[in-house]
Structure formats: C-alpha cells, structure tokens
Protein chains: 2
Amino acid sequence: MTVAARRGRPGHSLDSLLDVAVEVFNERGYEATSMDSLAERLGVTKSAIYHHVPSKVELLRLALDRALDGLFAVLAEPAATSGPAIDRLEHVVRGSVRVLTGELPFVTLLLRVRGNTEVEQHALGRRREFDRVVTDLVRLAEDEGSVRPDVDPAVTSRLLFGTVNSLTEWYRPGGPLTPDALADALVTTLFTGLRTTPPDFFGKKSR
Amino acid sequence: MTVAARRGRPGHSLDSLLDVAVEVFNERGYEATSMDSLAERLGVTKSAIYHHVPSKVELLRLALDRALDGLFAVLAEPAATSGPAIDRLEHVVRGSVRVLTGELPFVTLLLRVRGNTEVEQHALGRRREFDRVVTDLVRLAEDEGSVRPDVDPAVTSRLLFGTVNSLTEWYRPGGPLTPDALADALVTTLFTGLRTTPPDFFGKKSR
DNA sequence: CCTACCGATCGGTAGG
DNA sequence: CCTACCGATCGGTAGG
C-alpha cells in the first residue's frame, strides 16, 4: 500500500479505543464516564467514537466479554478438567491469576459491574456460572479428603476467589512481583495457611 | 413537648438520609447518582435534602468517615495493641469482619472509592494508613516466628485484607451465616489453610 | 472523522 | 425568628 492510498487521519483501531475506554471506565466508573471525556482522552471528537461502536454500552460489552472469555478458557484447560480435585482447583486459581494479571484492566472492570444494565446483568450471570464450577470443585476436593471439611464449600470458594479478585485492587504489572510469584504467594497462603504451625496439630493446646 | 408545638412535616433525620444515600451510591456509583434520584427514593424534593447537608460530597464524607472510624477503632482496642503479634493480627482481622458486617453499606462504599474527589483522596489516605499498621503487624508476627517467613509482609497483609474486603461482594446479614461464623471460616482458611495436610509436612512428597 | 445540534437531566439555590 | 420543607428554575452538560 502506497502512502497516497491512505485516506484521512491515521485514526484509532477498535482495540486502542477499547483500551482507553476501559482505563477511563475504571477511573471514573462506567456510568460517570461521558463519551466526550473518552473523546478528549483519544484526541478525537465524540462522533469519531461512534464510527467504531454503535453505543457506549457496546464498549462495555466488548470489555466484559474479553475478561469473561479469558476466565472461562481456564476452566476448559485439560489441567482443570482431570486429575485430583485439589490439583484442578489449584490450576483454576493459578489460571485466574494469570488472566487477571494479563488482562488486568478488563478483569478490574468486570469486578466493578453492579447489574445496572442488561449487559452488566449478563456479565453477572456468567460470573455466577464460573462461581458454580469452582464451588463444585471445592465440594469434590472435600469429598476426596484434600480440603478441610469444616468450612462450607460455597463459603470456601468465595473466600478463595474473593482473595484472587482482590488482586485487582493493588497488583500492578511491571513491579518486582511477577504474576507467577504472586500466584505462588496466594496459593501458599490459602492452601497451606499463614501460620508456621497449625494450632493443635499434635493434639496439644497452642495457647 | 406538646403535639401542637411540632411544626411542619415529621421529615427525615440526617441518619436516615445517609442510609438511603449510601444504599443508592452503592447501587449506581457516587458520581452517577443524582440528588434528584436520592430525593425520589426518600419521597421528598431535592431541596429538602439540602436542608440537611450543604452538598452531595458531604454525604460521601459522612459515609466514608463512619466506615473508617469503625475500622480505626478496632486498631485501638487493647487486644490489638498488646500480646503476641499473631493474636493481635487475628483480633484485627476479626474486628474488621465485625465492622464490615455491622456497617456493611458504609464499608462497601469505602472500598469502591477511587480518589476522584478530595474527599475520596482523604479516605484513600486513611485506608493506606490502616494498611501500614496491618503490614507492620504481619512483619512483627514473622519476626516472632508465628507467620511463615517465605511471603513478603506487604503481600501477606494485602492478601489477608483483600480476602476480608471481598466479603462486601457477597456477604449479606440476616442469612444463615452469622458474622462470628464468617470470621471463624475466614481465620481458619487464611491462618491454617484449606488443605487437610500441608504438603511435605513430614518430609515426604505429598504427591 | 467533524460541525452542529436534540431532549433530558445535572448539582445547587431562589423566595415564601 | 425557628424547623421543615415546596415549586420552580438557575447555568451547564449528558448520550446520541
């Protein structure tokens, strides 16, 4: 393609538009973000954005699907579908950390969705489906004797993924903590516990 | 006071106004909530709200202070300031769960704040101060040998309170899970771990 | 991609 | 002069 063949401004791709939109949605909130403020950040007019997407909510849908598709892909991986439940659970946790760190802004946006629009409600539905799969996995691990039976599987899975999801609040890529090291710290803490020695482990009072 | 001495409508108190405001802020986001929508929920006009508070941001300030005051009160309790660091840490975790469940809407709002206004930035500053106290406590517990030393104290404290804070995403009072049972499940999971037996605990391969 | 707009709604305030 | 509001409207900005 010759230079002369290019018409108009270089412009933005849908991907770069989506990156900026998600960044601003995370800063200000989806509803509080105006299309004009997006346009200003992109250095174009509001109407230019409507060349790429038909509506504001379509930007949200694209962003949420990207996060959800990544998370569901983890559930479909071989290591998540066969073997001891405790190992499958650990794989899902590590895979979720990998997707969360790799697609951080998209997962962050997903976790802030409150169901105010149909698009948000659909995303919440997919999140609930993900939670069901994880809860079933925790229940299976309890049945197999590898997870402590004294905590309800639904509560356990929520604590587990509450911890994973909370990473969006502070983890920033490019720092000293790599995604793999982060996953190690999280799995160690949640699977083995913070304490050096479990209390009453040898049948004596710990204090 | 006689009945005849009361003038005007019975009206709303500042407290009931604040309760409704925080509820709507959590549903729609602070910025996306209009004073008119608050007025509609209260069954009064917008002007009536301005009789109680000088501005929208003042409602936010009152709500965030209530959450932060509750959390800082936990840090000042005797059980949080003396004794073995691991026990002080457990007390702060249990106290935070108690405040979170007791003042759920206020803490939920606090955790959604992103620093878009001066009031929000002040709240974020107080949250960072809380985090520093917890991190110091984790470091102390590591020095005392009661918390595993192979995870950075800053990471540990973030995982710990990431899990606590994630409770706002799913815990609802009035259900079968009491605040105390919730705190037990969380402390068990995080301090002792999900696994029934730590791998390599007796020097043999666990799998 | 822009200029030029729309129906409606924003946070906040007037007099009574 | 008080508390507890109301009906109407201000100058600007929202998504499309």
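Note that the structure is predicted; figures quoted are calculated from it, not measured. Chain identifiers are assigned alphabetically (A, B, ...) following the order of the sequence lines, protein sequences preceding nucleic acid strands; residue numbering begins at 1 within each chain.
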Atom pair distance, as rounded to whole Å: CG in A/D36 and C1' in C/dC2: 13 Å
The single option from A/V24, A/V22, A/V119, A/L38 passing side chain to side chain contact (heavy atoms under 4.5 Å, CB included) against A/L59: A/L38
Value in whole Å for how far the P atom of C/dC10 lies from CG of B/L38: 10 Å
B/K46 NZ - D/dA4 C1' separation (whole Å): 18 Å
Distance in angstrom units between B/L59 CG and C/dG11 P, rounded: 11 Å
Between C1' of C/dG11 and CD of B/E31, the distance in whole Å: 12 Å
Sugar-phosphate, base or nothing in reach of B/S34, heavy atoms under 4.0 Å: sugar-phosphate
Side chain of B/S47 - closest among C/dG12, D/dC5, D/dA8: D/dA8
Length of the CG-P vector between B/L17 and D/dA4, whole Å: 13 Å
Intra- and inter-strand pairs of DNA chain C in dot-bracket (Watson-Crick or G-U wobble, both distances under 3.5 Å; | for another strand): ....||.|..|.|.||
Chi angles and distances behind the side chain to side chain contact (heavy atoms under 4.5 Å, CB included) call for B/R88, B/L140: CA-CA 10 Å; B/R88 292 167 60 190; B/L140 196 60; 3.6 Å; yes
Distance-only side-chain donor-acceptor flag, B/S157 / B/T135, under 3.5 Å: yes
B/Y50, nearest nucleotide to its side chain (from C/dG12, D/dC6, C/dC1): C/dG12
Rounded distance in Å - CD (B/E40) to P (C/dC10): 10 Å
Side-chain N,O (B/H51) to OP1/OP2 (D/dC5) below 4.0 Å: no
Value in whole Å for how far the P atom of C/dC10 lies from OH of B/Y30: 14 Å
Pairs flagged by ring pair (Phe, Tyr, Trp, His ring centres under 6.0 Å) wherever residues 26-51 of chain B is involved - sequence neighbours left out: B/F25-B/Y30
Under 4.0 angstrom between A/T45 side-chain N/O and C/dC2 OP1 or OP2: yes
B/Q121 CD: over 12 foreign heavy atoms closer than 6.0 Å: yes
A/E77, CD: over 12 other non-hydrogen atoms inside 6.0 angstrom: yes
Touch class at under 4.0 angstrom, heavy-atom based, for A/S37 against every strand present: nothing
Nearest-Å distance once atom C1' is located in both D/dA4 and C/dG16: 13 Å
Minimum-distance pair of heavy atoms, taken over all atoms of A/R195 and B/E90: NH2-OE1, 3.5 Å
